[in-house]
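Note sheet for the following structure.
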Amino acid sequence: MTRSQWDGVLDWLVQHLASHHPNLHHSISREAWDGKVEDLQSRLPSLNDHRAQTELMSLVASIGDAHTILHWEPSEVYPLRFYWFSDGLFVIKAQDKYGHLLNSRVLAINALSMDQLVDAVKKVIPHENESRLRGEFPHYLIHPGILYGLGITHTPQEMQLTCVTGDGLVQTWRVQAEPNLKRDWRDAQEPMPPQKETNAPLYLRGKEQYYWFTHLPNHETVYFRYHRCGEHPAYPMAAFLDQLFQSVRENGTKRLVVDLRQNRGGSSRVLAPFIPRFAALDGINQQGRLYVLVGRETFSSALMNALQFRKYTKAVFVGEPTGGKPNSFGETVTMELPGTDLALTHSTKYFRQSEVDSDSFVPDFVVELSHGDYAAGVDPVWDYVLSDSRRIQWRF
């Protein structure tokens, strides 16, 4: 694009955010924001397209609103998937020719250490807490344009990936970008099953469904996986919950687990009207019987539902601190930036849902997933719930 075209994109972006974001300067002062805009305007003539786009992403990320994002859908991606476990960043999925990298721990990209990579990449990731950064960071590493635009790689087609294998061997491999045929570079943020789904832990099953439940008689438990805050047209939430509550009553259930760990939001209104029904479950809504699982992907409307469970029930919360912030902006709209392949999503409202303005909703018991757990098909959060027989809920 020409200098005048990039100037026009920047002007449109700045004016639109000033007019439509509910509070553009809640985290960054007007003076600091204007300084960033002026600095970028002065540098645009010297920037290539990749650098210009990453600079625009960095500008939007500096607002400090995790719901306000500049999207850049890549035409190519690195054919890998990473996940940030409690013990480091690992390769969890790879195209066949890179299969030897599976389960390797990442040490560096183009000689930049993990700490250096985080410092560089977090500038373009809108986030309000560490959990959101941990969830989003791995996916920016497979975007060739962003890595090149940030100066991490020397070309937008190749990275030098340094990993250590399970036997301690450290080696560097060239990874080539491949066409992004599925257009899904931001998908699959959670780990993928290391074995067939039928043998995978519950949290890795049925990801294509909005919601599902199963009765586990050996544990006298009903497990409710809420994967997406949406109403399935063929299976309304009201009918689904009728069946779930019937299963709880008829099977002598002693424990009900609601899993929100990989729910990134949608509409909180789908589940919210029914949460009082969970509170009314005799024998379930009490200490050690009702659990809500949260994690770094619990975001937006899913976090709202978690906070409603906390308000109306005696649920015990287990997992990781949430990627969403309890008091935050939301209810987004998305539009394309004229003349580019960029799209802007921005908040339109502010939601105050907690008296304490914390960066994240921290569960009662923090349990993290290690790569060893993942590789062995173990869910430490689930195991923690099953072993729970003496928890003390300080809130009640």
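Position 1 is the first residue of the sequence, and the numbers go up from there. Quick caveat: nothing in here was measured; it's all calculated off a predicted structure.
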Requested in this report: Could you check Phe299, Phe317, Phe309 and say which one makes a ring pair (Phe, Tyr, Trp, His ring centres under 6.0 Å) with Phe361?
Outcome: Phe317
Report summary line: Sorted by chain and residue number, the side chain to side chain donor-acceptor pair (under 3.5 Å) partners of Tyr235 (sequence neighbours excluded) come out as Gln243
Query raised in the report: Only one of Val258, Leu241, Leu244 clears side chain to side chain contact (heavy atoms under 4.5 Å, CB included) with Phe213; which?
Result: Leu244
Query - Steps toward salt bridge (charged side-chain N to carboxylate O under 4.0 Å, His left out) verdict (Arg51, Glu55) - result: CA-CA 6 Å; Arg51 187 63 185 271; Glu55 291 284 354; 3.1 Å; yes
Requested in this report: Please write out which residues are connected to Val378 in a hydrophobic cluster, directly or through intermediates, given that two of Ile, Leu, Val, Met, Phe, Trp, Tyr count as joined at side-chain heavy-atom separations below 4.5 angstrom.
Outcome: none
Query raised in the report: Other than Tyr148, what residues sit in its cluster of Ile, Leu, Val, Met, Phe, Trp and Tyr side chains whose heavy atoms are under 4.5 Å apart, directly or through others?
Result: none
Requested in this report: Consider only side-chain heavy atoms of I, L, V, M, F, W and Y, link residues closer than 4.5 Å, and tell whether Leu112 and Val91 are in one cluster.
Outcome: yes
Query raised in the report: Can any side-chain N or O of Ser370 pair as donor or acceptor with the backbone N or O of Asp373 at less than 3.5 Å?
Result: yes
**Report entry** Between Phe278 and Phe245, ring centroids under 6.0 Å
**Finding:** yes
Query - Exercise: do Ser4 and Asp7 side chains pair donor with acceptor under 3.5 Å - result: no
**Report entry** Criterion ring pair (Phe, Tyr, Trp, His ring centres under 6.0 Å) against Phe329, the qualifying member of His346, His26, His20, His67
**Finding:** His26
Query raised in the report: Does the Tyr226 side chain pair with the main chain of Gln262, one donor and one acceptor, at a distance under 3.5 Å?
Result: no
Report task. Evaluate the side-chain contact (heavy atoms from CB on, under 4.5 Å) criterion for residues Phe82 and Ile92: first the C-alpha distance (whole Å), next the side-chain angles of each, then the deciding distance (0.1 Å), finally the verdict. Result -> CA-CA 6 Å; Phe82 304 103; Ile92 60 168; 6.0 Å; no
Requested in this report: Count the heavy atoms of every other residue, nucleotide or ligand shown that sit under 6.0 Å from CG of Asp282, and state whether that count exceeds 12.
Outcome: no
Query - Flag, side chain of Arg261 to backbone of Arg296, donor-acceptor distance under 3.5 Å - result: no
Query raised in the report: Does Leu369 share a hydrophobic cluster with Val362, counting links as ILVMFWY side-chain heavy atoms below 4.5 Å and allowing steps through other members?
Result: no
Query raised in the report: Hey, do the aromatic rings of Tyr211 and Phe240 have their centres closer than 6.0 Å?
Result: yes
Query raised in the report: side chain to side chain donor-acceptor pair (under 3.5 Å): which pairs involve residues 31-40, sequence neighbours left out?
Result: Asp39-Arg43
Requested in this report: Check whether more than 12 heavy atoms from other residues, nucleotides or ligands sit under 6.0 Å from atom CD of Glu336, and answer yes or no.
Outcome: no
Query raised in the report: Between Thr313 and Arg310, is there a donor-acceptor pair closer than 3.5 Å when you use the side chain of the first and the backbone of the second?
Result: no
Requested in this report: Check the surroundings of atom CZ in Arg174: do more than 12 heavy atoms from other residues, nucleotides or ligands lie under 6.0 Å from it?
Outcome: no
Report task. Evaluate ring-ring contact (aromatic ring centres under 6.0 Å, His included) for Trp212 paired with Tyr223, printing each intermediate quantity in order. Result -> CA-CA 8 Å; Trp212 57 272; Tyr223 172 85; 5.5 Å; yes
Requested in this report: Could you name each residue pair satisfying side chain to side chain donor-acceptor pair (under 3.5 Å) that touches residues 99-109, not counting sequence neighbours?
Outcome: His100-Trp173, Asn103-His371
**Report entry** Asn305 side chain to Gln308 side chain, donor-acceptor N/O pair below 3.5 angstrom
**Finding:** yes
Query raised in the report: Mind checking what makes side chain to side chain donor-acceptor pair (under 3.5 Å) contact with Glu178, not counting sequence neighbours?
Result: Lys97
